[in-house]
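This report refers to the structure that appears directly beneath it.
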Amino acid sequence: MRRFIRDLTAAVRAESLKTKRTLALRLAFVAPLLIVFLQFVILWHNGAKMIRPGRNAWMSLMQNSLLLWDLLMVPLFVTLQTALLAGLEHSNQNWKHLFALPVSRRAIYGAKQLVALGLIGLSTPVLWAGVIAAGLLLRLLRPGIGFEASIPPWRILQFALLSYVCSWLIIAIHTWIAMRWSSFVVAMGAGVAVTVAAVIVLQSEYNVYYPWTLPAVVTRAAIEGQLRYVALACGSVGGIVVAVLAGLEFTRRDVL
Amino acid sequence: MAQENIIETCGLTRRFGALTAVSNLNLEVPAGSIYGFLGPNGAGKTTTIRMLLGLIRPDAGLVRLFGRPLASRYPILRRVGAFVETPSIYPHLTGRENLEITRCLLRVPVGRLDQALAIVGLESAADRRARDYSQGMRQRLGLALALLGEVDLLILDEPTNGLDPAGIRETRDLVRRLAAEFGMTVFLSSHLLGEVEQVATHVGIVHQGHMLFQGRLSDLKTRLHRHVHVGVDNRERAELVLGKAGWRLTPSDNGYLKVAAASAAEASRLNAELTSSGVQVFHLALEQPSLEDLFFQITEGH
């Protein structure tokens, strides 16, 4: 166990070196800010109609941002990031080098998983900051639609974090797909397919069984005051379980 | 005193579906040797090397490195440096950054990085991105990656792939230096027989997954058929005389007669036979078989 932790630490450091001069870090900022920017434009254009009287403008902004983020951006963003991380090794056939080193293979997989979690995690406070910045800008540019109300920063952060924790299962699945298949097309194709399906599944009663709708389902219910524990557990703990199983599967394979 | 074998395999076997890539292989690589692992493409060399490194699990048989089974991977692989077919590098990073990643994983001191760069001669290019390297420089970076650890055994699979003659010679010189100066055992697989012949002390020849010969290169050369090239004035008469006396002639492409003869004494006897039969001999040379000749002799027999 001590060796595993040591190897994992070294592997995470190695991963952060590898992502230098790649788009990984930039994506973690661009993806959430893109969503926020879209919401900003919609409200700047149509704010008066979109925010009904009596509704909190900040919560509206946050809710719409989170919905778009959870349903569309997170699966695609996760797909891209995991494909990027795995592609670093696939494109140069580096597995034969990495797996012949006296380093735990599970630690190498674990490091990829942790870095993917970290990059998606980083986008959470960026999303939070973006929502607040967008709201403040709207307060300035569109007075009267409701952003004069006080900012609920902790509520926004709370829901953003909830969304992140529920997305662990998505991250685990896409990490495995990206590592297992060397083709970028397979990884992206899978990401696009599950995202398109998510839009449809969200409206159905199966939205608690489908990993890619879990963040949206849990966040939406939480905003309405109801915490869906089972769905939250599937997204979070389920994510950890899948990550461990996927890592065990991947590291047992021959490197042909 | 028995020399310790750094690499030993026992009945190593691996199949891919109906194809048996490696069959019952018993490798013995002595400590301090430069072992040339030879065979045509598809002979099972790369599969064997991947099994030595634990990248592929054998269907049967054992691998022992430094006398220990491969199951205890970590302490063993600490002493092994490997280069498998192509250099495993990240093109968007500099040479130094590439090495730093492996150094970080191996947890070896920072000084090893500069040492490895110095050994392969990449110090001046270390801060350029690997994508700007020539093929030869990439290969050298791949070798530097293999040399980062406390390496006693170097396993190289086709290290001269895609290199020009200068690059091939550099690699050859480096291999000799590593064995001589650093006391490393080098296990080198290649299909470039001429190159291997110049560095190897031992060879193992595989064909269709089977080991056909294993041992000292010098033993291989003395064991197999040698020839005498004879230049004569009357070729037809010479062939008649030799054929009647029981000498074995093989086709030759250089205008001379090629006669099977195992030693200098036999060559002299041959000369005497011809001249006493009235044939004039103007050229007589005992051929030292090249590794290529030996290789084809061995593999064509199977």
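Letters A, B, ... are given to chains in the order of the sequence lines, protein chains preceding strands, and every chain is numbered from 1. These numbers were taken from a predicted model, which means no experiment stands behind them.
- Chain B forms the most heavy-atom pairs under 4.5 Å with one residue out of A:Ser91, A:Ala100, A:Pro102, and that residue is A:Pro102.
- Screening B:Asp157, B:Ile56, B:Leu55 for a side chain to side chain contact (heavy atoms under 4.5 Å, CB included) involving A:Lys96 leaves a single residue, B:Leu55.
- Against chain B, the residues from residues 1-21 of chain A that qualify, each with a non-hydrogen atom under 4.5 angstrom away, are A:Arg3, A:Arg6, A:Asp7, A:Ala10, A:Ala11, A:Arg13, A:Ala14, A:Leu17, A:Lys18, A:Lys20, A:Arg21 in number order.
- Under a cut-off of 6.0 angstrom, the local environment of CZ in B:Phe182 is crowded, with over 12 non-hydrogen atoms contributed by other residues, nucleotides or ligands.
- With rounding to the nearest 0.5 Å, the separation of OG1 in B:Thr46 from CG in A:Leu256 is 11.5 Å.
- B:Phe16 touches chain A through its side chain: at least one heavy atom from C-beta onward sits under 4.5 Å away, while N, CA, C and O do not.
- In this structure a side-chain-to-backbone donor-acceptor pair under 3.5 Å is present from A:Asn92 to B:Ile89.
- Neither the backbone nor the side chain of B:Arg138 comes within contact range of chain A; no heavy atom of the residue lies under 4.5 Å from a heavy atom of that chain.
- Scanning residues 173-195 of chain A against chain B with a 4.5 Å non-hydrogen threshold yields no residues.
- B:Arg50 places no side-chain N or O within donor-acceptor distance of the main-chain N or O of A:Asp254, the cut-off being under 3.5 Å.
- Within residues 104-127 of chain A, the residues having any heavy atom closer than 4.5 Å to a heavy atom of chain B are A:Ser104, A:Arg105, listed by residue number.
- Applying a 4.5 Å heavy-atom cutoff, the residues of residues 100-128 of chain B that approach chain A are B:Glu100, B:Ile101, B:Thr102, B:Cys104, B:Leu105, B:Leu106, B:Arg107.
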Item to check | Pair B:Val84-A:Gln93, side-chain contact (heavy atoms from CB on, under 4.5 Å): steps then yes or no | outcome: CA-CA 10 Å; B:Val84 184; A:Gln93 282 135 49; over 6 Å; no
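- Other residues, nucleotides and ligands contribute only 12 or fewer heavy atoms inside 6.0 Å of the OH atom of A:Tyr209.
- Between B:Tyr90 atom OH and A:Glu89 atom CD the span is 3.5 Å, to the nearest 0.5 Å.
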